Novice: 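Can you read through this structure? Questions will come right after.
Note that these values count all heavy atoms, side chains included, but never hydrogens, waters or copies made by symmetry. If you're wondering where the values come from, they're calculated on a predicted model, not measured in any experiment. We number each residue from 1, following the sequence as shown.
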Amino acid sequence: MVMDMGRDAVARDETELVYRPTRADLRAGIGVRDRVRRLHLVRWGLIGLFLALAARSALAEKGSAISFVVAVLCAAVIWSMPHAQAHHALRTVSWQGEYRATVTDDGIRAETRHVTLTQRWSVFRGHRETREHFVLLSRDPNILLVEVLPKRGLAGEADEARLRVLLARHLPVV
């Protein structure tokens with residue numbers, strides 16, 4: 001007689017991604033974070049302000065070329081900040097090589113040749129899907145942690161659907 005004492009392995013939803021991080025992946029995560037925090041509005045407002053100052057300087061009868069150049073330069077630097085952040089983050093993680101991320105009902109386990117990181121669902125406040133990524137945002141007020149899961153790392157459409165279901169089960173869309 002065989003009795004099941006509840007110790008048998010339970011079938012679990014699990015999805016694996018294999019990928020190398022790219023600047024576009026990190027830029028997507030930063031972009032989602034900025035939209036959730038509404039920082040993109042501040043950035044575009046400042047860009048507009050500096051471009052208006054540049055136009056005013058260029059159109060003024062006694063306008064200064066230095067004022068024009070400085071205003072345009074400020075607008076360019078503000079525009080480029082998310083790109084610079086993505087570049088810096090890529091330099092931080094790219095040396096680790098290929099990532100293997102396993103998403104389960106327990107959370108996300110990311111492994112490289114050098115590091116293994118397990119993140120429980122309680123770390124995240126929610127997620128957002130873009131055309132090419134799933135972006136998970138941390139619970140802290142400034143959203144310092146952003147987990148980007150690129151769809152290209154999935155084996156196929158079935159894995160993408162399974163990952164979408166796992167994320168919806170554990171995290172709200174933000």
Novice: Between Trp79 and Val72, is there shared hydrophobic-cluster membership here, with clusters defined by ILVMFWY side-chain heavy atoms closer than 4.5 Å?
Specialist: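 No, no single cluster joins them.
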Novice: First locate atom CG of Leu39, then atom CD1 of Ile30, and finally report the distance between them rounded to the nearest 0.5 Å.
Specialist: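 Between atom CG of Leu39 and atom CD1 of Ile30 there are 11.5 Å.
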Novice: Looking only at heavy atoms, what is the nearest atom pair of Arg20 and Arg152, with distance?
Specialist: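 Closest approach of Arg20 to Arg152, heavy atoms only: O-NH2, 2.7 Å.
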Novice: Which heavy-atom pair separates Trp121 from Arg139 by the least distance, and what is that distance?
Specialist: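 Scanning both residues completely, I find the closest heavy atoms to be O-NH2, 4.4 Å.
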Novice: For a 4.5 angstrom cut-off between non-hydrogen side-chain atoms, does Thr22 reach Leu90?
Specialist: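 Of all side-chain heavy-atom pairs linking Leu90 with Thr22, none is under 4.5 Å.
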Novice: Do Leu171 and Val174 share a hydrophobic cluster, counting only Ile, Leu, Val, Met, Phe, Trp and Tyr and linking them when any side-chain heavy atoms are less than 4.5 Å apart?
Specialist: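 No: no chain of side-chain contacts under 4.5 Å links Leu171 to Val174.
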Novice: Which pair of non-hydrogen atoms, one from Gly29 and one from Val148, has the smallest distance, and what is that distance?
Specialist: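 Closest approach of Gly29 to Val148: CA-CG2, 3.7 Å.
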Novice: Could you tell me whether a side-chain N or O of Ser80 sits under 3.5 Å from a main-chain N or O of His83, the two making a donor and an acceptor?
Specialist: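 No: the side chain of Ser80 does not pair with the backbone of His83.
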Novice: Answer yes if Val93 and Leu136 sit in the same cluster of Ile, Leu, Val, Met, Phe, Trp and Tyr residues linked by side chain heavy atoms under 4.5 Å apart, and no otherwise.
Specialist: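 Yes, because Val93 and Leu136 connect within a single hydrophobic cluster, where side-chain heavy atoms sit under 4.5 Å apart.
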Novice: Hydrophobic cluster membership, with links at side-chain heavy-atom distances under 4.5 Å among I/L/V/M/F/W/Y: are Val42 and Leu51 in one?
Specialist: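 Yes, it is one cluster - the side chains of Val42 and Leu51 are joined through contacts under 4.5 Å.
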Novice: For the pair Arg169 (side chain) and Val165 (backbone), establish whether a donor and an acceptor sit closer than 3.5 Å, ignoring hydrogens and angles.
Specialist: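 Checking the backbone N and O of Val165 against the side chain of Arg169, no donor-acceptor pair under 3.5 Å is found.
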Novice: Mind checking the CG-CZ spacing from Leu163 to Phe134? Nearest 0.5 Å is all I need.
Specialist: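 Rounded to the nearest 0.5 Å, the CG-CZ separation comes out at 4.5 Å.
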Novice: Run the side-chain contact (heavy atoms from CB on, under 4.5 Å) check on Glu14 and Val103 step by step: do they pass?
Specialist: CA-CA 6 Å; Glu14 184 174 292; Val103 183; over 6 Å; no
Novice: Membership question, hydrophobic clusters at under 4.5 Å side-chain separation (ILVMFWY): are Trp44 and Phe50 in the same one?
Specialist: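 Same hydrophobic cluster.
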Novice: Are the side chains of Val32 and Thr130 in contact, using a 4.5 Å heavy-atom criterion?
Specialist: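 They are in contact (side-chain heavy atoms under 4.5 Å apart), so the answer is yes.
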Novice: Kindly give the heavy-atom pair with the smallest separation between Ser57 and Phe68, and that separation in Å.
Specialist: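 The pair with the smallest heavy-atom distance is OG-N, 3.4 Å.
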Novice: For Arg120 and Asp106, run side-chain contact (heavy atoms from CB on, under 4.5 Å): C-alpha distance rounded to whole Å, both residues' side-chain angles, the deciding distance at 0.1 Å, then the answer.
Specialist: CA-CA 6 Å; Arg120 305 257 182 249; Asp106 294 332; 4.0 Å; yes
Novice: Roughly how far, to the nearest 0.5 Å, is the CZ atom of Arg162 from the OG1 atom of Thr15?
Specialist: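 Answer for the OG1-CZ pair, Thr15 versus Arg162, is 4.5 Å.
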Novice: Work out which heavy atom in Asp140 is nearest to a heavy atom in Leu145; give both atom names and the distance.
Specialist: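 Shortest heavy-atom contact: OD1-N, 4.0 Å.
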Novice: Once rounded to the nearest 0.5 Å, what's the spacing between atom CD of Glu111 and atom OH of Tyr99?
Specialist: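 Result: 12.0 Å between the selected atoms.
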Novice: Taking side chain as C-beta onward, heavy atoms only, is His114 less than 4.5 Å from Trp95?
Specialist: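 Yes. Closest side-chain heavy atoms under 4.5 Å.
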Novice: Does CG belonging to Leu144 count more than 12 external heavy atoms closer than 6.0 Å?
Specialist: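 Atom CG in Leu144 is packed in, count exceeds 12.
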Novice: Would you check if the side chain of Arg100 reaches a backbone N or O of Glu16 as a donor-acceptor pair within less than 3.5 Å?
Specialist: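 No.
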Novice: From Glu129 CD over to Lys151 NZ, what is the distance, rounded to the nearest 0.5 angstrom?
Specialist: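 Going from CD on Glu129 over to NZ on Lys151, the span is 3.5 Å.
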Novice: Locate the shortest heavy-atom distance separating Ala89 from Leu26; write the atom from each residue and the value.
Specialist: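 Closest approach of Ala89 to Leu26, heavy atoms only: C-CD1, 3.7 Å.
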Novice: Have a look at Asp34 and tell me which of Arg43, Arg128, Arg27 forms a salt bridge (charged side-chain N to carboxylate O under 4.0 Å, His left out) with it.
Specialist: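 For Asp34, the salt bridge (charged side-chain N to carboxylate O under 4.0 Å, His left out) test succeeds with only one of Arg43, Arg128, Arg27, which is Arg43.
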Novice: Any chance you could measure Leu137, atom CG, to Glu147, atom CD, to the nearest 0.5 Å?
Specialist: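 Answer rounded to 0.5 Å: 10.5 Å.
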